[in-house]
Structure formats: C-alpha cells, structure tokens
Amino acid sequence: MIRVYLSLGSNIDRYRHLASGLNMLSEHFGKLDLSPVYESAAVGFDGDDFLNLVVSMDVTIGCGELSRQLKAIEDLHGRDRSMARFSARTLDIDILTYGDAVGEIDGITLPRAEILTSAFVLKPLSDLAPTEMHPHSGISYADLWKSYDQSRQPLSEVMFNWP
C-alpha cells in the first residue's frame, strides 16, 4: 500500500462537487482521511472563492493509473479541460505526494510544487499530516506552514460535513 495525499478544490457549486468527489474517491479507494475545508480567493484569475481540502488514502495502483482515475472523476463532474490553467473549476483533484516519490513518475512531477507555494494546499496538508515530512525538503508540513508567509493568501475554515 502506498499513502497518497490529494488536493481537492472547487469554486462552482462547491459543496456539491466536493461531496460528490469524495464519495467517488471513497467508492474507488476505500477509507479517506480528510483535512478541514478552507475557503480562499481564486488565484490567477477573477472568480468565485474556492473551497479546498487535502485527502489522504492508501492505494495499490501506480501513479499514472491513479492520475487517470482522478481525471475520470473530474470529468464526471463536468471538468472543462479546454479552459485556461487558472480558471473556475467544478472539481480539481491533484496528486500532492505518492509515497516518498521525488521526481517525475508517469509524467507527474512529485511532490507537487503547490505544497510549498499555496496556502490552500499547505495549510490543510499541515492539519492532516503535521508530522509527515515533505519528500524533497525533509521538513514537516507543520514546520513548513509555520514558516510560510500566511498573509499571502488568507484562508477561512468552513463547516463541511461528509458523510
């Protein structure tokens, strides 16, 4: 079993898409551990606020197959891949880490750079796995969050009940 961390986000019908995405992840992969859910402003474009969280789960499939399955879940939620990189999303699921992998695996660069650059990824990851170490830097997620300039992107924890 390989422990993976995923970032989920939505700014279109946010609660419905996140809950549905979590249901599909649970159906495909079993037990999920969830961070708190945070609301933050859109980054890189003018748009509605996002809801974001981090999920951990154990998988037995390769990174490339995991990516294909996550894209299929996004597609089932109406993900429009013709849109600009920074645009509104029904559901966005990104692989943050795949075990301790570092580098390019099956075309996916790990660990995902947004862990170190985006509060909406690092804060929920530090909540869910504070003592886990970033695979490249070897620094715990809690310590990375403590040293992050938290004024760069304000976050607000929101109530989110699943299931």
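Residue numbers start at 1 and run along the sequence shown. Keep in mind that this is a model prediction, so the values were computed, not measured.
- There is no path of hydrophobic side-chain contacts, each under 4.5 Å, that joins I115 to M133.
- Pairs passing the salt bridge (charged side-chain N to carboxylate O under 4.0 Å, His left out) check and including a residue from residues 137-151, sequence neighbours excluded, read D143-K146.
- Hydrophobic cluster membership is shared by L91 and F29, with clusters built from Ile, Leu, Val, Met, Phe, Trp and Tyr side chains linked at under 4.5 angstrom.
- We find the CG-OG distance between L53 and S35 to be 4.5 Å, quoted to the nearest 0.5 Å.
- Of the possible donor and acceptor atoms, none in the side chain of R112 sits under 3.5 Å from a partner among the backbone N and O of L6.
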Per-pair distances, 0.1 Å, donor-acceptor, side chain in residues 37-47, under 3.5 Å, sequence neighbours excluded:
| from | atom 1 | to | atom 2 | distance (Å) |
| --- | --- | --- | --- | --- |
| Y38 | OH | D127 | OD2 | 2.4 |
| E39 | OE2 | R14 | NH1 | 2.7 |
| E39 | OE2 | R14 | NH2 | 3.1 |

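- Using a 4.5 Å heavy-atom threshold, the side chains of L66 and M57 count as touching.
- Pairing each heavy atom of T97 with each of P111, the nearest pair is CG2-CB, 4.0 Å.
- With values rounded to the nearest 0.5 angstrom, L96 atom CG is found 10.0 Å from S118 atom OG.
- Residue L8 is tested with L22, N52, D92, I73 for a side-chain contact (heavy atoms from CB on, under 4.5 Å); the sole match is L22.
- Residues V55 and L128 approach most closely at C-CD2, 4.0 Å, considering heavy atoms.
- Contact check on K71 versus E74 returns no salt bridge, with no Lys/Arg side-chain nitrogen under 4.0 Å from an Asp/Glu carboxylate oxygen.
- Here the closest heavy-atom approach between residue S56 and residue Y5 is recorded as CB-CE2, 3.3 Å.
- With sequence neighbours left out, the ring-ring contact (aromatic ring centres under 6.0 Å, His included) criterion links H77 to H17.
- A donor-acceptor contact shorter than 3.5 Å links the side chain of S10 to the backbone of T90.
- Tracing side-chain contacts under 4.5 Å through hydrophobic residues (I, L, V, M, F, W, Y), one never reaches V102 starting from I95; they form parts of separate clusters.
- Considering OG of S126 and CD of E132, their distance stands at 12.5 Å, rounded to 0.5 Å.
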If you look only at distance, which donor and acceptor atoms sit under 3.5 Å apart when one is on a side chain in residues 153-163 and the other is two or more places apart or in another chain?
| from | atom 1 | to | atom 2 | distance (Å) |
| --- | --- | --- | --- | --- |
| Q153 | OE1 | A119 | N | 3.3 |
| Q153 | OE1 | F120 | N | 3.4 |
| W162 | NE1 | N23 | OD1 | 2.7 |

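- Of the inter-residue distances, the one linking S67 atom OG with I105 atom CD1 reads 12.5 Å to the nearest 0.5 angstrom.
- Qualifying salt bridge (Lys or Arg N to Asp or Glu O under 4.0 Å) partners for R3, counting only residues two or more places apart in sequence or in other chains: D33, D58.
- Side-chain contact between I12 and D48 is absent, with no heavy atoms from C-beta onward closer than 4.5 Å.
- Screening residues 128-154 for ring pair (Phe, Tyr, Trp, His ring centres under 6.0 Å), with sequence neighbours left out, gives W145-Y148.
- Looking only at side-chain heavy atoms (C-beta outward), L70 and L25 come within less than 4.5 Å of each other.
- L110 has its side chain out of reach of P135: every pair of non-hydrogen atoms, C-beta onward, lies at least 4.5 Å apart.
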